[in-house]
Amino acid sequence: MMARSRRIRDPGGFTILEVMIVISILTFGLLSLGAMQLHAMQGGNRGRHATQAVAIAEAEMERLQRLRWTSLTTTTGFSTATSSTNTVQSESNNNVEQAYSLSHRVTDMVATFTRSVDVRVSWTEKGGESRNVTLSSIRYNREGL
C-alpha cells in the first residue's frame, strides 16, 4: 500500500483572500464615514445660516415694533432689500461667510387699529440653493393715533 501524502496546514494564520476581504470591507466603511462627515458639515452650515437669518429677522422685527404708529408706513409689497453679512473673524482678517438680504412689508389689517408686519431674510447657500426666512407679526395701534 502506498501511503498518501497529506499536506498538514498550519491553522494559525490568515489566507491572502481573507485579508483582502477584510481590507475591502474596512475601506468601504471608512469611505462611508467620510461621506457622512461631509454631509454633517454641510447640514451644520445650513443650520448656522438659518439661525443667523432668524436673528437678523428678529432684530428688524423688534426695530419695526418700536416705531411709532405714524412712522410705521404701509407698503404695497416687500421693501427694497438691504444687505447684511455674517463675518467670521480669523487671526489675519475678517471674512464674510454669508450675505443676507433683508426686506419688510407693512399692510393695514383694520385701518387705524392693526397692521401686519412681515420681515423676510433671503440668502443663497454655497451650492446655489436660495433660502429665506419670513417672520410675521401683528402691530396694534397702542398709541391710539
Spacing of T75 atom OG1 and D108 atom CG [to the nearest 0.5 Å] = 10.0 Å

ask   = Taking S79 for the side chain and H104 for the main chain, is one N or O donor matched with an acceptor at less than 3.5 Å?
value = yes

inquiry  = Checking one residue: M61. Which other hydrophobic residues are in its cluster under the side-chain 4.5 Å linking rule?
reply    = V54, I56, L64, L67, L72, Y100, L102, V106, V117, V119, V121, W123, V133, L135

request  = Determine the sole option in Q65, E62, R115 for which the side-chain hydrogen bond (donor to acceptor under 3.5 Å, both in side chains) test with S137 is passed.
outcome  = Q65

F28-V22 co-clustered via ILVMFWY side chain contacts under 4.5 Å = no

query = Does L26 share a hydrophobic cluster with M20, counting links as ILVMFWY side-chain heavy atoms below 4.5 Å and allowing steps through other members?
reply = no

query = Among all residues two or more places apart in sequence or in another chain, which pass the side-chain contact (heavy atoms from CB on, under 4.5 Å) test with S130?
reply = T124

ask   = side-chain contact (heavy atoms from CB on, under 4.5 Å) with S136: which residues, sequence neighbours excluded?
value = D118, T134

Where R68 and R139 come nearest, the two heavy atoms and their spacing = C-NH2, 4.0 Å

query = So which heavy atom on W69 is nearest to which on T112, and how close?
reply = CZ2-C, 4.0 Å

task = Might you point out which heavy atoms bring S103 and A81 nearest each other, and give the distance in Å?
result = CB-CA, 4.1 Å

key: L33-M41 co-clustered via ILVMFWY side chain contacts under 4.5 Å   = no

query = CZ/R120 to CD/E60 distance, rounded to the nearest 0.5 angstrom?
reply = 13.0 Å

ask   = Side-chain contact, heavy-atom cut-off 4.5 Å: E143 with N141?
value = yes

query = CZ of R48 to CG of N45: how many Å apart, nearest 0.5 Å?
reply = 4.5 Å

request  = Could you tell me whether E125 and R46 make a salt bridge, using a distance below 4.0 angstrom between a side-chain N and a carboxylate O?
outcome  = no

